[in-house]
Amino acid sequence: MPLPIYTDLEYQSTHYNLFKDSITVPLEPVLPPDVTRYAFDTAIMQYMAIVGHEQVLQGDNLVEYIDPYELGEAEGKRKMPSAAVRPKNVEELRKVLKVSNEYNIPVWTFSIGKNLGYGGPAPRVNGSIALDLHRMNKIIEISGEYAYAVVEPGVTFTDLYDYCVKHKLKVWPSVPSLGWGSIVGNTLDRGTGFTPTATHHQHLCGVEAMLANGDLVRTGQFAVSGSPSSHLSKFTFGPSIEGLFLQSNLGIVTKLGIWLTPAPQAYMSCTFDMPDFEDVETIVDVFGPLRRDGLLPNTVYVSNLVEWLGMMGKREELWPEAGAIPEWRLKELQKQLGIGYWNAKFGLYGAKDVVQAHFNELKKIVAKKAPKGRLNGDIFSTEDGETLDPTSVPEQQGGFFVGVPSLWSLPMVKFRLPKKGGGIGAHYDYSPIIPSSGKTVLEWVKTAKKVCEAEGFDLFCDFFMHERHVIFVNMMTFDKTNIAHRQAVQIIFRNLFEEGRKRGYSKYRSHINTMDLVASLYDFNDHAYRRFIETIKDALDPNGILSPGKQGIWPKRFRQNEKLKAHL
Ligand SMILES: Cc1cc2nc3c(=O)[nH]c(=O)nc-3n(C[C@H](O)[C@H](O)[C@H](O)COP(=O)(O)OP(=O)(O)OC[C@H]3O[C@@H](n4cnc5c(N)ncnc54)[C@H](O)[C@@H]3O)c2cc1C
């Protein structure tokens, strides 16, 4: 068995079992495209000389380098690396890239590889080397005074949280609903958490990235040697290039500065729910303007009833028939649980009196504009001049809203597993960026519901309210061993994608198998955006070794290769 990637025993065993138990067809060895066995074996010897024998994995040891939620595995369409290489510092990384350039072997970069739902650590191009950066795991710096951290790729959200607790730093790092992923990978893929710095990529400040030729580049004030403002300011002198490394294959991020939330005096756990499907219009129209004018400074997370059910057990226990759960049964379950059809959660953070004042104002607005809804706020605070300990907030009201990491949401992927046992839990999603307008969101949920129910699936969704848009997540949890589920998920995705395309919606993030499809939406002026990025790609990575195909960006040598570009 390969060396563990987590020191936390629960994380390590959950991680290993998740991958191992997901396999339905034995792993088949594969070579990088256009590379002979002889050249590959020679390159492997060189990788081993750089990182050590035990840090180059092949054959059955690649169990942890596939997509555990792979839809096409049974049909022989699994995405598979030829080997995994795990450098521990930039010097080793540079040497690994030199070998890859010499032998034209593409690498697929990730930090921890927990991008579950989007391909996990699996490569876009079969036979790429899985370039696993989890051993580059130093916390370089944390400033309590300015509330920022600088981390290497292998630092997990849990590592950062633990470090802050251990050193009694008065900062609250943000965490997604699963704490075992990497800050770097999640931020680069525009992932989100729940605290005031939830939109991670918007709080990124100062990046170091290695280019395909081994050169190291820094961005913003981080590019000024010895600058005390490296991670304090996003100002730069000339074009901002940080964005070139987000959702990108133009470089490998080796350090990243990220802003954290200064520990507040008070936190208020707020909930708001409304009983009926159509109420989503009111929720968006009441809360949207408050996100824009700053009364609600942080993300409002809204989930539908079915997503709640997804956290409570298996669907068959709630509704044993095939087909979507009927309305009457949903109403019955809603009544039993005492929740809304739509359930919003958000936090208010800061000085106690200010938090209370925001809530009081919100109460007045809600009473006037959404009297049918139920608003609740529980405040947790400490003395003036002190900061709140996040662990003093009970998990139900705190948890990831106060930055405490866990594997809270993982059970949700088991929703569609048979009651009698067996099956393999998995999920896929379609997550469009939609204007924050009640009418528009209502129209979308009606459409999405119809699309899901036509294939016997429930509308299982949530959305994150930002100032001017919502990120709407249509989730399809499925049993990977069930062919009807796998087919339904693909049809639902295609139909939602098509409905979204008609309305001008793109996804905020994508599974490796649909990256070309999503990229095709950015078509202004005959795909000028793509041409722009490809020009940079060809200049920076002439051999096309860095994550070919990522976000639909292909290096010159693969650009016309339709077979390679084929996806599910
Ligand atoms: C039940 C469930 C709940 C989830 N909840 C959330 C949630 O609340 N919020 C959320 O955002 N996501 C969520 N996810 C999705 C996912 O699990 C997380 O986003 C996770 O943090 C991503 O994995 P990672 O951080 O290890 O990133 P990685 O897998 O390491 O990286 C993600 C991608 O970024 C790129 N990348 C990574 N490192 C580098 C680098 N050093 N240089 C260049 N490119 C790089 C790669 O393309 C990689 O594929 C959830 C998934 C599931 C199954």
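Each ligand, and each atom within it, is numbered from 1 in the order the structure gives. These figures come from a predicted structure and were not determined experimentally. When reading the values below, keep in mind they use all heavy atoms of this one structure, side chains included, and skip hydrogens, waters and symmetry mates.
Contact record, Ile512 with Gly119: CG1-CA, 4.2 Å, taken as the closest heavy-atom pair.
Sorted by first then second residue, the salt bridge (Lys or Arg N to Asp or Glu O under 4.0 Å) pairs that include residues 178-196, not counting sequence neighbours, are Asp189-Arg509. A side chain to side chain donor-acceptor pair (under 3.5 Å) check over residues 147-163, counting only residues at least two apart or in different chains, returns the pairs Tyr11-Thr158, Glu141-Tyr148, Thr156-Asp159.
Within the 4.0 Å cut-off (strictly below), a protein heavy atom is located near atom 53 (C) of ligand 1. Protein heavy atoms come within 4.0 Å of atom 9 (N) of ligand 1.
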Next item on the list: Walk me through it: do Ser436 and His466 pass the test side chain to side chain donor-acceptor pair (under 3.5 Å)?
Entry: CA-CA 8 Å; Ser436 185; His466 297 275; over 6 Å; no
Item checked: Audit row: Asp516, Arg124, salt bridge (Lys or Arg N to Asp or Glu O under 4.0 Å) steps and yes/no -> CA-CA 10 Å; Asp516 290 295; Arg124 174 69 184 87; 2.8 Å; yes
Note to self: Checking Asp458 against Arg315 for the salt bridge (Lys or Arg N to Asp or Glu O under 4.0 Å) test, could you report, in this order, the C-alpha distance in whole Å, the side-chain angles of both residues, the deciding distance, and whether it holds?
What the structure shows: CA-CA 10 Å; Asp458 311 296; Arg315 183 181 182 273; 2.6 Å; yes
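The part of Leu188 lying near ligand 1 is the side chain, judged by heavy-atom distances below 4.0 Å. By the criterion of a heavy-atom distance under 4.0 Å, neither the backbone nor the side chain of Ile183 is placed next to ligand 1. Here Arg509 has side-chain heavy atoms under 4.0 Å from ligand 1, and that is the only part of it that gets that close. Residue contacts with ligand 1, taken as heavy atom pairs separated by less than 4.0 Å, do not involve His200 at all. Both the backbone and the side chain of Ile112 come within 4.0 Å of ligand 1, counting heavy atoms alone.
Residue, atom and distance of the protein heavy atom nearest to atom 46 (C) of ligand 1 are Thr109 O, 3.2 Å.
Close N/O approach between Asn115 and ligand 1 is found [any backbone or side-chain N/O within under 3.5 Å]. Not a single N or O atom of Leu178, backbone or side chain, sits closer than 3.5 Å to an N or O atom of ligand 1.
Each of the following atoms of ligand 1 lies closer than 4.0 Å to a heavy atom of His427: 52 (C), 53 (C). Of all the atoms in ligand 1, the ones that sit under 4.0 Å from a non-hydrogen atom of Gly251 are 43 (C). Applying the 4.0 Å criterion to heavy atoms of Gly191 picks out, from ligand 1, the atoms 11 (O).
The aromatic rings of Tyr65 and Phe110 sit tilted, their planes meeting at an angle between 30° and 60°. Using a 30° and 60° split on the angle between ring planes, Phe401 and Phe194 fall in the tilted class, from 30° to 60°.
Closest heavy-atom approach to atom 6 (C) of ligand 1 among the candidates Ser409, Pro123, Ser177: Ser177. Atom 15 (C) of ligand 1 has its nearest heavy-atom neighbour, among Leu116, Leu18, Asn186, in Leu116.
Side-chain atoms of Arg86 never come within 3.5 Å of backbone atoms of Val56 as a donor-acceptor pair (strictly under, hydrogens ignored).
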